[in-house]
Amino acid sequence: MACFTVPLVESVVVTAVEKAEEKRESNTAEQGKISTGKAMIPLSRKFKWLNGMLLGGSALLAFEHVWHGEVTPWFPFLTAMSDKADAMEMLHEISTVGVSMAALVTAAWFGICVAAEAILKRSADEAEKTTV
């Protein structure tokens, strides 16, 4: 019924963290502190990946809920909010399905970040071998 709200809220938090990280990275770059010589993916870009995954999933789920009539354009917007028993069922769904979906998307993002770093490291090692 409203399981898409948990990834949506996580996306809002990730957006705030992403903007703070972008600001920190730009300040660090201006001061000339980034000179490791290694190719790396900035953390702010990785947060953009997570944000895209969360927003995309939330948008698809919200569309599906609108399609099935569970979300309406008039107050109370969620049809489950009109009845107390349905509201309790909705809160249970949010706390179980919504949280597990957000956790699964975050775990998949973590796996993607690990794989991207491994690919980057492997290509850097191969480039180093060919230059030696």
Side-chain angles (χ1 to χ4, degrees):
M1 288 176 223
C3 55
F4 66 91
T5 57
V6 177
L8 194 60
V9 169
E10 182 182 354
S11 176
V12 169
V13 172
V14 168
T15 300
V17 172
E18 174 190 332
K19 297 302 176 190
E21 183 62 24
E22 282 177 350
K23 188 173 183 177
R24 188 191 67 77
E25 288 170 355
S26 68
N27 288 342
T28 305
E30 287 174 4
Q31 295 173 359
K33 292 184 180 177
I34 298 178
S35 61
T36 60
K38 294 181 182 178
M40 58 184 275
I41 302 169
L43 188 56
S44 61
R45 181 171 299 160
K46 292 177 184 176
F47 282 135
K48 279 186 195 225
W49 297 346
L50 177 58
N51 207 6
M53 292 169 69
L54 290 168
L55 284 175
S58 294
L60 285 173
L61 281 169
F63 175 75
E64 186 268 335
H65 287 306
V66 168
W67 187 269
H68 290 282
E70 296 169 350
V71 177
T72 58
W74 53 85
F75 190 79
F77 305 113
L78 300 169
T79 56
M81 294 298 289
S82 59
D83 184 24
K84 191 172 186 170
D86 288 341
M88 292 305 292
E89 181 183 343
M90 179 190 67
L91 291 174
H92 181 264
E93 181 183 324
I94 289 172
S95 64
T96 56
V97 177
V99 170
S100 63
M101 284 189 322
L104 184 64
V105 168
T106 305
W109 166 78
F110 184 76
I112 290 169
C113 290
V114 169
E117 289 295 330
I119 291 169
L120 208 64
K121 185 177 185 297
R122 185 179 66 208
S123 65
D125 289 346
E126 288 175 1
E128 185 177 301
K129 287 179 185 177
T130 59
T131 58
V132 173

Using the rule that two of Ile, Leu, Val, Met, Phe, Trp, Tyr join whenever any of their side-chain heavy atoms come within less than 4.5 Å, decide whether M81 and L61 are in one cluster.
-> yes
Where does the angle between the aromatic ring planes of F4 and H65 fall among parallel (under 30°), tilted (30 to 60°) and perpendicular (over 60°)?
-> tilted
Could you state the interatomic distance from CE (M90) to OG1 (T79), rounded to the nearest 0.5 Å?
-> 9.0 Å
For A116, all residues meeting side chain to side chain contact (heavy atoms under 4.5 Å, CB included), sequence neighbours excluded | I41, W49
Between V66 and T72, is a side chain to side chain contact (heavy atoms under 4.5 Å, CB included) present by the stated rule, with each step listed?
-> CA-CA 7 Å; V66 168; T72 58; over 6 Å; no
Residues passing the side chain to side chain donor-acceptor pair (under 3.5 Å) test with T5, sequence neighbours excluded, are none
Are V12 and V9 grouped together when hydrophobic residues (ILVMFWY) are joined by side-chain heavy atoms under 4.5 angstrom apart?
-> no
Distance col, row D86:CG vs E70:CD, nearest 0.5 angstrom, shows 10.5 Å
Can you establish whether the number of heavy atoms outside F77 located under 6.0 Å from its atom CZ is more than 12?
-> yes
Going by heavy atoms in the side chains, are V99 and I94 under 4.5 Å from each other?
-> no
Answer yes when E21 and R24 have at least one side-chain N-carboxylate O distance shorter than 4.0 Å, and no when they do not.
-> yes
Can you name the ring-ring contact (aromatic ring centres under 6.0 Å, His included) partners of F63, sequence neighbours left out?
-> W67
Considering non-hydrogen atoms only, spot the tightest contact between P7 and G98 and give its length.
-> CD-O, 4.1 Å
Can you name the closest pair of heavy atoms from S58 and L8 and give their distance?
-> OG-N, 3.3 Å
Are V97 and L60 in one and the same hydrophobic cluster, where Ile, Leu, Val, Met, Phe, Trp and Tyr link if side-chain heavy atoms are under 4.5 Å apart?
-> no
Taking salt bridge (Lys or Arg N to Asp or Glu O under 4.0 Å) as the test, write out the residues that go with K121, two or more places apart.
-> D125
Taking only residues two or more places apart in sequence or in another chain, which ones pass ring-ring contact (aromatic ring centres under 6.0 Å, His included) with W74?
-> none
Please identify each residue that fulfils side chain to side chain contact (heavy atoms under 4.5 Å, CB included) with E22, with sequence neighbours left out.
-> E18, K19, S44, K48
Which is it for M53 and I112 under the side chain to side chain contact (heavy atoms under 4.5 Å, CB included) test, yes or no, and what are the steps along the way?
-> CA-CA 11 Å; M53 292 169 69; I112 290 169; 4.1 Å; yes
Spacing of T15 atom OG1 and F47 atom CZ [to the nearest 0.5 Å] = 11.0 Å
Any side-chain heavy-atom pair from N27 and K23 closer than 4.5 angstrom?
-> yes
Smallest separation among heavy atoms of A2 and E93, with atom names | N-OE2, 3.9 Å
ILVMFWY network linking L78 to M101, side-chain heavy atoms under 4.5 angstrom = yes
Quick one: closest heavy-atom pair of S123 and L120, and the distance?
-> OG-O, 2.9 Å
Under a 4.0 Å N-O cut-off, is there an ion pair linking E117 with K46?
-> yes
Pairwise distance CZ(R45) to CG(L43) - rounded to 0.5 angstrom = 11.5 Å
